[in-house]
Amino acid sequence: MSREAATTDVMRLSRDTFALPAATLARRLLGCRLVRTLPDGSRMAGLIVETEAYVGVRDRASHAFGGRRTPRNESMYGEPGTCYVYFTYGMHHCVNVVCSRRDDPQAVLLRALEPVEGVEVIRARRGGKPPGSCCNGPGKLCEAMAIDRSLDGIDLAAGETLWIEDREGGEPPVSTAARVGIGDKGVWTRRRLRWFVRGHPHVSVARD
DNA sequence: ATGACGATTTACT
DNA sequence: GTAAATCGTCATA
C-alpha cells in the first residue's frame, strides 16, 4: 500500500478509540461519519454533529445509574464499541456507542447528524422532510438510518451494517451544554455533558 | 397485575 | 409555549 493511499483511506474507528471515557469520546466523535448499509444495498451516512456523554454508574441520568443492569440496558456493560439501542416514549429509538471498558457502563448518545450520503433514501424514510429536519434529534436520526432494537448489541468496531469512520480533517469548533430531556437529577441535570459543532444548522437544540 | 415513567417528536394555540 | 401520541420497561405489590 502506498503512502498516499494510507493517508487518504477512511479509517473506521476501532476498539482503542471506543475505549475512551464517555466524556472524551463524545467530543472525539464530532465530525466523524456514521455509516449504515441495508440488505437492499442502499448506503446512508451522516456526519456526527451532536453527542451526549453518560458517564457511568454514578451518573443519575444514565440508564445504568447505581449499576442497574436489566435486559434492556445489558449492552451498556459490553465491550467498548458495542451498540446500545433503546426504545422510548412508546415510539422512538435512540442509539449509543458503548465505551470505556467491559462492565463499566459508559456510553455516548448520538443526537444529530448532517446527512451526506443516501440523502434521498434518508428523506424518504423521514416522510420527505427536508435534509435539515431528517437527523436533528436522536429519535429522528434512528428513523432516518433505519436503526432499531435489532441492532442493539452489535459491534460497531466490526462494522457489518453500522459503523463509524474517523473524520479526515481536524476537530470542528465545539460547544458544550447541559444534556437534553433529563428530568430532575440534581447536579447531573446541569452538568455540561453535551457536545455539538458550534453554529451547525443540524444540531437538535442550539441553546447552550 | 398495576402504574408511573420516560436520554422524544409533532402538531397546535 | 403546551399537549398529545403511544407502549416497553421496571419497580412495587
Side-chain angles (χ1 to χ4, degrees), chain A residues 18 21-27 29-30 34 46 48-78 82-100 104-115 122-153 156 162 164 175-197 201-208:
Chain A
F18 294 129
T24 306
L25 181 64
R27 179 170 186 151
L29 288 179
L30 293 180
L34 181 71
I48 297 169
V49 298
E50 181 184 354
T51 59
E52 280 177 2
Y54 290 82
V55 300
V57 297
R58 67 216 172 96
D59 182 350
R60 287 187 59 203
S62 171
H63 292 165
F65 172 65
R68 188 157 60 92
R69 185 169 185 166
T70 67
R72 170 167 93 142
N73 72 354
E74 174 61 29
S75 52
M76 291 189 81
Y77 291 80
T82 298
C83 182
Y84 170 44
V85 181
Y86 65 89
F87 182 67
T88 190
Y89 289 103
M91 58 194 99
H92 301 297
H93 293 275
C94 295
V95 61
N96 296 253
V97 181
V98 174
C99 58
S100 186
D104 178 23
Q106 300 195 32
V108 175
L109 171 68
L110 304 183
R111 286 196 57 89
L113 309 174
E114 174 191 342
I122 286 172
R123 289 191 61 200
R125 195 173 289 98
R126 285 281 299 144
K129 294 196 169 59
S133 305
C134 285
C135 301
N136 58 337
K140 297 180 190 181
L141 79 85
C142 283
E143 181 174 46
M145 306 282 278
I147 295 169
D148 62 25
R149 281 284 281 176
S150 70
L151 296 182
D152 180 59
L156 296 172
L162 184 68
I164 299 174
S175 290
T176 64
R179 292 174 293 187
V180 176
I182 308 298
D184 181 11
K185 305 292 184 183
V187 32
W188 294 99
T189 303
R190 299 183 292 276
R191 282 190 60 179
R192 298 171 81 86
L193 290 169
R194 182 161 70 102
W195 282 262
F196 58 97
V197 178
H202 294 254
V203 165
S204 69
V205 192
R207 60 182 159 74
D208 280 326

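Lettering of chains follows the sequences in order, A, B, ..., and the numbering in each one begins at 1. Keep in mind that the numbers below use all heavy atoms, side chains included, and drop hydrogens, waters and symmetry copies.
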Salt bridge present between A:Glu52 and A:Arg111 (N-O < 4.0 angstrom): yes
Can we say A:Asp184 and A:Arg190 salt-bridge, meaning some charged N sits less than 4.0 Å from an Asp/Glu carboxylate O? no
Applying salt bridge (Lys or Arg N to Asp or Glu O under 4.0 Å), name anything that partners [X], two or more places apart in sequence or on another chain.
| X | result |
| --- | --- |
| A:Asp104 | none |
| A:Arg27 | A:Glu171 |
| A:Glu114 | none |

Between A:Glu143 and A:Arg125, is a salt bridge (charged side-chain N to carboxylate O under 4.0 Å, His left out) present by the stated rule, with each step listed? CA-CA 7 Å; A:Glu143 181 174 46; A:Arg125 195 173 289 98; over 6 Å; no
Expressed in angstrom and rounded to an integer, what is the separation of A:Met76 atom CE from B:dA7 atom P? 11 Å
Between atom CZ in A:Arg68 and atom P in B:dG6, what is the gap in whole Å? 10 Å
In terms of relative ring orientation, are A:Tyr84 and A:His63 parallel, tilted or perpendicular, with 30° and 60° separating the classes? perpendicular
For every nucleotide of nucleotides 8-13 of chain B, 5' to 3': is a protein heavy atom under 4.0 Å from its base (B), only from its sugar-phosphate (S), or from neither (-)? BSS---
Between B:dA7, C:dT9, C:dG8, spot the one nearest the side chain of A:Arg149, thanks. C:dT9
Should stems be defined as at least three consecutive Watson-Crick or G-U pairs with both distances under 3.5 angstrom, which of them involve DNA chain B? B:1-6 with C:7-12, B:8-12 with C:1-5
Residue set satisfying side-chain hydrogen bond (donor to acceptor under 3.5 Å, both in side chains) with A:Ser133, at least two apart, ordered chain then number -> none
